[in-house]
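A short worksheet on the structure shown next.
We count ligands from 1, going down the list as the structure has it; atoms in each ligand are counted the same way.
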Amino acid sequence: MIVLESLSKSYGRQKALDDLSLTFREGAITGLLGPNGAGKTTLLSILMGILPRDRGQVVVGGYDLDGRLEDIRRISCLVPQNLSFYSALTARENLSFFGSLCGLSGRALSERMGGAVAAASLESFLDKRVETYSGGMKRRLNLAIGLLGRPRVLYLDEPTVGVDAQSRTWILETIRRINREDGVTVVYASHYMDEVEQVADDLVILDEGRVVLEGGRDTVLAEADALILDVAGMDAILLGRVRDIGGVTATESAVIIGAGPGQASALKRVLLVLEGTEARISGLKGGSRSLEDLFLRITTRALRDE
Ligand code: ATP
């Protein structure tokens with residue numbers, strides 16, 4: 001459904017996406033995970049043609065971003081991380097305005113607005129100014145605006161930031177429902193492992209603009225049963241040799257040896273490759289089946305705000 005090949009984007013010297021190749025399956029909910037600055041927002045903005053890329057190919061629903069951007073925008077919608085509506089207006093006025101931007105008017109607009117309002121459970125607040133809404137109601141309105149155009153592809157960028165538990169549950173249920181009932185392909189960018197674990201069919205973990213882990217949810221969670229070696233001092237060549245070993249995933253700070261019958265021999269091969277090199281093993285851990293733990297281990301540790 002969405003195919004990216006060798007996608008790169010830098011802001012000046014800062015690489016945001018680094019030769020990224022990825023596929024998001026049609027009809028699936030893909031959880032897009034990554035620490036601050038991993039490149040999630042940049043990726044979603046490029047997919048909507050909001051931000052230009054430096055290199056690479058992007059195809060969404062069969063349409064190439066080069067030349068078919070209008071078609072891509074017709075079938076897809078981004079619900080952005082920043083709340084994007086007019087606070088001084090009511091929800092009805094906002095929905096009507098954004099609906100008209102989607103080319104809707106008259107009965108079609110009313111029907112779509114009715115659907116979006118019901119989906120967002122905002123019926124009782126429709127004529128109240130949005131600035132009086134709680135954080136959760138604002139997030140729900142943000143999502144409702146995204147649903148107005150009945151997209152085939154929905155990108156959600158941190159849709160539950162700052163909401164209470166009820167609105168969070170509601171948002172997750174709504175996403176699952178539109179995916180199941182309307183077959184909408186969803187890419188769900190989030191920091192919250194537990195949410196992603198609940199809602200996603202597939203998982204992609206990005207770090208520093210690159211994919212560090214991807215696969216079906218259960219396969220990735222099986223990685224959480226892997227053996228993890230904390231390793232420092234691997235250069236690019238060594239990293240390449242370690243990654244060539246079957247069943248092994250590696251980043252600059254961790255080597256993950258997948259669970260399964262080949263695990264012991266893969267461990268032996270990793271140790272042989274590392275022996276006599278500058279690399280230092282500082283820890284070994286058996287899997288805990290926690291996505292959060294896996295995530296923290298395979299993404300680089302420095303605080304991203306520094
Ligand atoms: P977050 O979870 O914090 O939103 P993210 O995974 O969405 O992070 P991006 O916002 O895409 O990551 O940022 C990727 C990298 O690009 C970061 O290093 C960030 O500092 C940098 N970056 C993003 N936008 C700009 C910009 N407009 N100008 C300069 N650098 C930018």
Side-chain angles (χ1 to χ4, degrees), residues 2-24 29-58 60 65 69 72-73 76-85 135 138-139 142-143 146 153-163 168 171-172 175 185-200 202-215 220 251-254 291-306:
I2 302 164
V3 184
L4 317 174
E5 258 182 54
S6 306
L7 186 61
S8 293
K9 168 75 186 173
S10 295
Y11 300 95
R13 286 208 187 146
Q14 177 66 52
K15 263 188 194 169
L17 299 178
D18 186 7
D19 203 30
L20 193 71
S21 295
L22 249 183
T23 301
F24 296 115
I29 301 179
T30 302
L32 184 62
L33 288 162
N36 291 128
K40 304 178 299 291
T41 300
T42 300
L43 173 58
L44 300 184
S45 304
I46 290 175
L47 288 170
M48 286 301 291
I50 297 168
L51 201 63
R53 66 204 190 277
D54 300 335
R55 271 185 311 285
Q57 206 194 5
V58 176
V60 180
L65 191 59
L69 177 58
I72 289 181
R73 287 198 176 144
S76 40
C77 175
L78 168 66
V79 176
Q81 196 170 350
N82 297 325
L83 297 168
S84 304
F85 43 67
K138 286 180 179 163
R139 282 278 156 205
N142 213 36
L143 178 58
V153 183
L154 188 61
Y155 303 113
L156 301 160
D157 196 357
E158 309 270 356
T160 59
V161 167
V163 307
R168 189 168 173 234
I171 287 172
L172 292 176
I175 291 162
T185 301
V186 178
V187 178
Y188 187 101
S190 180
H191 286 117
Y192 302 121
M193 312 293 139
D194 57 332
E195 274 183 12
V196 169
E197 243 183 280
Q198 274 179 53
V199 86
D202 293 346
L203 295 171
V204 172
I205 302 182
L206 282 189
D207 194 17
E208 299 182 330
R210 285 189 278 178
V211 175
V212 289
L213 197 61
E214 66 177 308
V220 171
T251 69
E252 276 161 22
S253 58
L291 186 57
E292 179 128 25
D293 186 59
L294 181 72
F295 176 81
L296 287 173
R297 282 172 175 275
I298 64 172
T299 55
T300 30
R301 310 265 167 89
L303 280 176
R304 294 313 154 90
D305 301 340
E306 284 170 355

Quick check: do [X] and [Y] have side-chain heavy atoms less than 4.5 Å from each other?
X      : Y      : result
Leu7   : Leu22  : no
Gln81  : Leu44  : no
Asn142 : Pro159 : no

Can you list every pair where an N/O of ligand 1 is under 3.5 Å from an N/O on the protein?
unit_1	atom_1	unit_2	atom_2	d
ligand 1	2 (O)	Lys40	NZ	2.9
ligand 1	2 (O)	His191	NE2	3.3
ligand 1	3 (O)	Asn36	ND2	2.9
ligand 1	6 (O)	Ala38	N	3.1
ligand 1	6 (O)	Gly39	N	2.9
ligand 1	6 (O)	Lys40	N	2.9
ligand 1	6 (O)	Lys40	NZ	2.9
ligand 1	7 (O)	Thr41	N	2.8
ligand 1	7 (O)	Thr41	OG1	2.8
ligand 1	8 (O)	Gly37	N	2.8
ligand 1	11 (O)	Thr42	N	2.9
ligand 1	11 (O)	Thr42	OG1	2.5
ligand 1	12 (O)	Gly39	N	3.1
ligand 1	18 (O)	Gln14	NE2	3.2

Pairing residues for Thr23 by the side chain to side chain contact (heavy atoms under 4.5 Å, CB included) criterion, not counting sequence neighbours: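 Once residues adjacent in sequence are excluded, the partners of Thr23 under the side chain to side chain contact (heavy atoms under 4.5 Å, CB included) criterion are Val3.
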Salt bridge (charged side-chain N to carboxylate O under 4.0 Å, His left out) contacts touching residues 7-22 (sequence neighbours left out):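 Non-adjacent pairs meeting salt bridge (charged side-chain N to carboxylate O under 4.0 Å, His left out): Lys15-Asp18, Asp18-Arg210.
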Which residues share a side-chain hydrogen bond (donor to acceptor under 3.5 Å, both in side chains) with Gln198, sequence neighbours left out: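 Once residues adjacent in sequence are excluded, Gln198 has no partner under the side-chain hydrogen bond (donor to acceptor under 3.5 Å, both in side chains) criterion.
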